[in-house]
**Q** 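Before we start, here is the structure in question, set down as structure tokens.
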Amino acid sequence: METLTVSTTPIEGQKPGTSGLRKQTRTFMGPHYLENFVQAIWNGIGGVEGKTLVLGGDGRYFNDRAAQVILRMAAASGAKKIIVGQNALLSTPAASNLIRKRATDGGIIMSASHNPGGIDEDFGVKFNTPNGGPAPEDVTNRIFEATKTMSEYRILEAQDVDLAALGTSDLGGMTVEVVDPVEDYAALMAELFDFEAIRRLIAGGFTLRFDAMHAITGPYAKAILEGTLGAPEGSVVNGVPSPDFGGGHPDPNPIWAKDLVDLMMSDDAPDFGAASDGDGDRNMILGRGVYVTPSDSLAVLAANAHLAPAYSTGLAGVARSMPTSRALDRVAKSKGLDCYETPTGWKFFGNLLDAGKITLCGEESAGTGSDHVREKDGLWAVLLWLNVLAERKMSVKEILAEHWAQYGRNFYSRHDYEAVDAAQANAMMDELRGRLGDLVGQSFAGRSVISADEFAYSDPVDGSQSAGQGLRIGLNDGGRIVYRLSGTGTVGATLRVYLEDLSDDPATFDADPQEALADVIAAADQIAGIARHTGRDAPDVRT
Ligand code: G16
């Protein structure tokens, strides 16, 4: 086997976004594109010589080919060992768990998460650090800097490694260990939750449906929900991962998981419904006749987590990303817990979790997790809900109603304007940024502005600073609007507008959020001139 040193030149735009580098698949398949970025990761982390890494992905188109390239490049640069999921598959939380459990030097996750897969869709690569979490900004900045000066990469000339067979093999002096992707993760879940209680709940006639959306959680959900916990076969649907996710959009929200939502709103609804995304870190929770917003789910879990064995002694603290609704803050206040507000991106929770300042955290973008790994975890959230339901002996709807009665309701919705012209989106943000100082005291759609700023974060653990994390407008009576440009899209710009309003009046609790938020929505357009700048008169997605 020969090691080749291939001459290359820097490729523009290899800047990791909210979560790794995400681009269209054909871009990743272009000459030197993947190789340049992988070499930049090696250079950015000080080389891989003698190191052990985890490797796996969500099984999307190009996952298998990319894995072989990454293995050959790791071997060429002297890595000691790569632990890889069978067939190069690992859910993102399972990868995080393996990195931690095997005390490796980090890992590479191949995924574009909830973005569709296929040759004409998206692919992605991200590096996770030894704590199991997505690389923080100082590391991704070093990787990006390395892409700008790339002149050569090293790759072994070798046959493909057989990733279908479990066990170890040698690749140019590097050990490749192929592991069952599900086993270690399933063992971790059994440690965290009262599986006996969940098993009894299900044996007692409690029904559920889990929609794996043709993505990576299929094998995990089948093994745990049907295999271990006794849910009848067929409770997990769309459970076989496919490279194009069955032609769908593996994003667990009411738009893309419409079949599940329709079922849960019908007369035939099971007691509980859930879905996860392409790489298994997001979740959507539903009860019979009710959809639980991610922000509410986070708050309910924070209020009830002590019912699961792993959290029975209470939570150290909690955190949410800034645009996530402040329902969590109300729970934290009542329980006397510290509540942190971080920028969008799971990587910002890492330091707080490592330092033991928080146990539980989450985001409006369907992500919830805890200190058990350093990624958000879709199936974990489902199991925590099931554990809570088993203990509370109430329906999801009843739990939600009781939660609102105790804490009040934070009406919440996110409006996405997708594939907007990037120049128009930036012009809108720039204009609004320039006017922030004048907005306080003005009224829009009957609501007055009481605060206006651009969110910047100072990490309480290492003091690192992150500026420009979203424009925030506070309205009277607890209303709030946040404007951000997504860092995960691959075409043009995606404008996200996060809308929130508070109510402590039980008579309003059953209102439709879009109606309850009507004046905040109108104010959001008036304040930023969304229609004027983008030419769009309605969002593409409302979550
Ligand atoms: C990633 C990040 C999340 C973030 C989400 C959306 O999730 O890990 O923290 O909330 O993207 O980010 P943006 O608003 O910038 O598009 P995932 O599931 O895509 O890895």
Side-chain angles (χ1 to χ4, degrees), residues 15-23 57-58 60 91-93 95-96 109-117 121-128 132-137 140 213 215-217 245 249-253 256 275-284 294-295 298 319-325 341-350 352-353 361-369 373-381 414-420 422 425 429 455 457 466 468-471 482-498 539-541 543:
K15 183 173 170 51
T18 308
S19 187
L21 185 66
R22 288 188 194 165
K23 295 287 173 192
D58 61 15
R60 66 181 59 229
S91 77
T92 290
S96 182
I109 299 177
M110 300 169 291
S111 168
S113 190
H114 54 287
N115 297 16
E121 300 293 352
D122 293 340
F123 191 76
V125 170
K126 82 174 172 180
F127 176 72
N128 281 32
E137 282 188 334
T140 55
M213 304 188 84
I216 191 73
T217 43
F245 307 117
H249 200 128
D251 194 358
N253 65 39
W256 300 114
S276 190
D277 70 332
D279 62 331
D281 56 1
R282 296 185 173 205
N283 74 88
M284 176 171 75
S295 292
L298 173 63
R320 60 167 173 80
S321 66
M322 181 275 283
T324 303
S325 101
E341 185 175 47
T342 59
T344 297
W346 202 262
K347 58 194 172 202
F348 292 103
F349 294 130
L352 297 170
L353 290 163
C361 46
E363 298 186 286
E364 54 67 39
S365 58
T368 339
V373 288
R374 293 294 180 273
E375 289 277 7
K376 55 190 183 278
D377 190 343
L379 207 45
W380 168 90
R414 189 182 87 196
H415 289 189
D416 290 343
Y417 299 78
E418 294 176 344
V420 174
M429 294 295 279
F455 181 55
Y457 182 63
S466 303
Q469 298 293 335
L471 305 177
V482 175
Y483 305 85
R484 256 189 86 243
L485 298 183
S486 158
T488 58
T490 57
V491 180
T494 296
L495 168 65
R496 301 204 195 284
V497 184
Y498 309 82
D540 299 288
V541 178
T543 59

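Everything numeric here is computed off the predicted structure, so don't read it as measured data. As the structure lists them, so they are numbered: ligands from 1, and atoms in each ligand from 1. Along the sequence shown, residues are numbered consecutively beginning with 1.
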**Q** Using distance alone, decide if ligand 1 has a nitrogen or oxygen within less than 3.5 Å of any nitrogen or oxygen in Ser113.
**A**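 Yes, Ser113 has an N/O under 3.5 Å of an N/O on ligand 1.
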**Q** Within a distance under 4.0 Å of any heavy atom of Arg484, pick out the atoms of ligand 1 and give their elements.
**A**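 Listed by number with element, the hits are 13 (P), 14 (O), 15 (O).
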**Q** Identify, by atom number and element, the atoms of ligand 1 in contact range of Gly487, meaning under 4.0 Å from any of its heavy atoms.
**A**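 That gives atoms 13 (P), 15 (O), 16 (O) of ligand 1.
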**Q** Return the closest protein heavy atom for atom 11 (O) of ligand 1 as residue, atom name and distance.
**A**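 Atom 11 (O) of ligand 1 sits closest to the protein heavy atom Thr488 CG2, 3.4 Å.
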**Q** Closest approach of Thr494 and Ala419, non-hydrogen atoms and distance?
**A**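 Between these two residues, the closest heavy atoms are OG1-N, 4.1 Å.
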**Q** Atoms of ligand 1 less than 4.0 Å from Glu363 heavy atoms?
**A**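 Contacts of ligand 1 toward Glu363, numbered from 1: 3 (C), 4 (C), 9 (O), 10 (O).
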**Q** Using the rule given for salt bridge (charged side-chain N to carboxylate O under 4.0 Å, His left out), can you reason through Glu364 versus Arg496, listing the C-alpha separation, both sets of side-chain angles and the distance that settles it, and then say yes or no?
**A** CA-CA 12 Å; Glu364 54 67 39; Arg496 301 204 195 284; 5.7 Å; no
**Q** Once the angle between the rings of Tyr457 and Phe455 is folded into 0 to 90°, is it parallel (under 30°), tilted (30 to 60°) or perpendicular (over 60°)?
**A**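 Tilted.
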**Q** State which residues pass salt bridge (Lys or Arg N to Asp or Glu O under 4.0 Å) with Glu363; sequence neighbours excluded, sorted by chain then number.
**A**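 Checked Glu363 against salt bridge (Lys or Arg N to Asp or Glu O under 4.0 Å); zero matches.
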**Q** Under the side-chain contact (heavy atoms from CB on, under 4.5 Å) test, which residues partner Ser91, sequence neighbours left out?
**A**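 With sequence neighbours excluded, Ser91 shows a side-chain contact (heavy atoms from CB on, under 4.5 Å) to Pro93, Ala94, Ile216, Tyr220, given in chain and number order.
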**Q** Who's closest to atom 7 (O) of ligand 1 heavy-atom-wise, of Lys347, Arg22, Glu375, Lys376?
**A**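 When every heavy atom of Lys347, Arg22, Glu375, Lys376 is considered, Lys376 comes closest to atom 7 (O) of ligand 1.
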**Q** Going by atom types alone, do Ser96 and Asn128 pair a side-chain donor with an acceptor below 3.5 Å?
**A**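 Side chains of Ser96 and Asn128: no pair found under 3.5 Å.
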**Q** Relative to the heavy atoms of Trp346, which atoms of ligand 1 are at a distance of less than 4.0 Å?
**A**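 Answer for ligand 1: 8 (O), 9 (O).
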**Q** Checking a contact table here: which protein heavy atom is nearest atom 6 (C) of ligand 1, and how many Å away?
**A**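 Atom 6 (C) of ligand 1 sits closest to the protein heavy atom Arg282 NH2, 3.8 Å.
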**Q** Any luck finding a side-chain donor-acceptor pair between Thr368 and Asn283 under 3.5 Å?
**A**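 Yes, a side-chain donor-acceptor pair sits under 3.5 Å.
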**Q** For ligand 1, which atoms have a heavy atom of Ser365 less than 4.0 angstrom away?
**A**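 Every atom of ligand 1 under 4.0 Å from some heavy atom of Ser365: 4 (C), 5 (C), 10 (O).
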**Q** For ligand 1, is any non-hydrogen atom under 4.0 Å from Asp279's backbone (N, CA, C, O), its side chain (CB onward), both, or neither?
**A**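 Contact part for Asp279 vs ligand 1: neither.
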**Q** Shortest non-hydrogen contact from Thr324 to Ser295?
**A**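 What the structure gives for the nearest pair is CG2-OG, 3.4 Å.
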**Q** Applying a strict 4.0 Å limit to heavy atoms, is Gly345 in contact with ligand 1?
**A**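 Gly345: in contact with ligand 1 (<4.0 Å).
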**Q** Using a 4.0 Å cut-off to any heavy atom of Arg496, which atoms of ligand 1 qualify?
**A**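 Those qualifying, in numeric order: 13 (P), 14 (O), 16 (O).
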**Q** May I ask you to list the atoms of ligand 1 that are less than 4.0 angstrom from any heavy atom of Thr344?
**A**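 So the atoms of ligand 1 that pass are 4 (C), 10 (O), 12 (O).
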**Q** Ignoring hydrogens and angles, tell me if any N or O in the side chain of Asp251 forms a donor-acceptor pair with the backbone of Asn253 under 3.5 Å.
**A**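 Looks like no, no N/O pair under 3.5 Å.
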